[in-house]
Amino acid sequence: MAKAKDQPLEPSLYQQIYQMVSLIPQGRVASYGQIARLIGLPRNARQVGYALAVLPEEHEIPWHRVVNIKGEISARSKAGYEDYQRILLEDEGIEFSPAGRIYLKQFLWDA
DNA sequence: ATGGAGGCGCACA
DNA sequence: CTGTGCGCCTCCA
């Protein structure tokens with residue numbers, strides 16, 4: 001695409017991530033890598049996590065529906081949110097295995 | 001400019 | 001199942 005400097009004709013990387021995450025339907029989860037792939041950046045799973053880590057306080061983004069490829073809730077910088085995330089997910093009907101992992105086969109978002 | 005760090009992913013042992 | 005190592009790419013100080 002022709003772009004003068006790097007004037008983003010497209011939303012910034014984070015904006016794309018946020019938008020994609022907001023598309024995850026209720027009762028479903030997606031992995032970081034999956035989100036990255038969906039926006040055409042298969043090697044940016046980490047950026048997805050980073051983007052969510054710096055989410056502004058006010059947003060409509062279902063960040064809790066994003067977990068790692070194993071179906072478990074990743075540890076993050078700020079404590080407390082892990083339990084919160086699990087509660088939000090269970091509240092949507094997502095089930096966890098005894099080991100604390102989501103049954104991806106059943107709940108992974110089929111984009 | 002450079003280096004460190006980050007809610008990851010995957011291959012191996 | 002767990003632990004370790006390495007690759008990937010961007011953001012921030």
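Numbers restart at 1 for each chain; the letters A, B, ... are given by sequence-line order, proteins then strands.
A sub-4.0 Å separation between OP1 or OP2 of B:dG6 and a side-chain N or O of A:S77 is absent. Side-chain nitrogen and oxygen atoms of A:S31 include none within less than 4.0 Å of the OP1 or OP2 phosphate oxygen of B:dC8.
If you check every strand for non-hydrogen atoms under 4.0 Å, A:I69 touches sugar and phosphate atoms only. Counting non-hydrogen atoms under 4.0 angstrom, A:V66 reaches a base of the nucleic acid.
When distances run from any side-chain atom of A:N44 to the nucleotides B:dC8, C:dT10, C:dC12, the shortest one goes to C:dT10. Of the listed nucleotides (C:dC1, C:dC11, B:dG7), C:dC1 has the atom at the smallest distance from the side chain of A:R101. For A:Y32, the listed nucleotide lying nearest its side chain is B:dC8; candidates were B:dC10, B:dC8, B:dG6. Distances were taken from every side-chain heavy atom of A:Q47 (C-beta onward) to each of C:dC11, B:dG7, C:dC9; the shortest belongs to C:dC9. The nucleotide whose nearest atom lies closest to any side-chain atom of A:Y14 is, among C:dC11, C:dC9, B:dC10, C:dC11.
For the pair A:I102 CD1 and B:dG7 C1', the computed distance is 13 Å after rounding to whole Å. Between the CD1 atom of A:I39 and the C1' atom of C:dC9 there is a distance of 12 Å, rounded to whole Å. Between A:K78 atom NZ and B:dG6 atom P the separation is 12 Å, expressed in whole Å. The distance from atom OH of A:Y81 to atom C1' of B:dG6 is 17 Å, rounded to the nearest whole Å. Atom CD1 in A:I35 sits about 19 Å away from atom P in C:dC9, given to the nearest Å. The CG atom of A:L55 sits 11 Å away from the C1' atom of B:dG7 (whole-angstrom rounding). One interatomic measurement links the two molecules: CD of A:E72 to P of C:dT2, which rounds to 8 Å at whole-angstrom precision. Remark: C1' of B:dG6 and CG of A:L41 are 17 Å apart, rounded to the nearest angstrom.
Along DNA chain C, the nucleotide closest to A:R43 and the one closest to A:Y50 are compared, and the more 5′ of them pairs with A:R43.
No donor-acceptor distance shorter than 3.5 angstrom exists from the side chain of A:D83 to the backbone of A:R86, with no hydrogens or angles considered. Judged by distance alone, with hydrogens and angles left aside, the side-chain atoms of A:R43 form no donor-acceptor pair with the main-chain N or O of A:A36 at under 3.5 Å. Between the side chain of A:R37 and the main chain of A:P42, no donor-acceptor pair closer than 3.5 Å is present. A:Q34 contributes a side-chain N or O that, together with a main-chain N or O of A:W109, makes up a donor-acceptor pair within less than 3.5 Å. Judged by distance alone, the side chain of A:Q85 and the main-chain N or O of A:V66 form a donor-acceptor pair under 3.5 Å.
Donor-acceptor pairing under 3.5 Å, judged by distance alone, is absent between the side chain of A:R37 and the base of B:dG9. At a cut-off of 3.5 angstrom, counting only N and O atoms as typed in the model, there is no donor on one side facing an acceptor on the other between the side-chain of A:R46 and the base of C:dC9.
Counting only Watson-Crick or G-U wobble pairs whose defining distances are both under 3.5 Å, the stems of 3 or more consecutive pairs in DNA chain B are B:2-6 with C:9-13, B:8-13 with C:2-7.
A salt bridge links A:R65 and A:E92; the closest N-O separation between the charged side-chain nitrogens and carboxylate oxygens is under 4.0 Å.
At least one side-chain heavy atom of A:L13 sits less than 4.5 Å from a side-chain heavy atom of A:Q47.
By the 6.0 Å and 45° rule, A:R46 does not stack over the aromatic ring of A:Y32.
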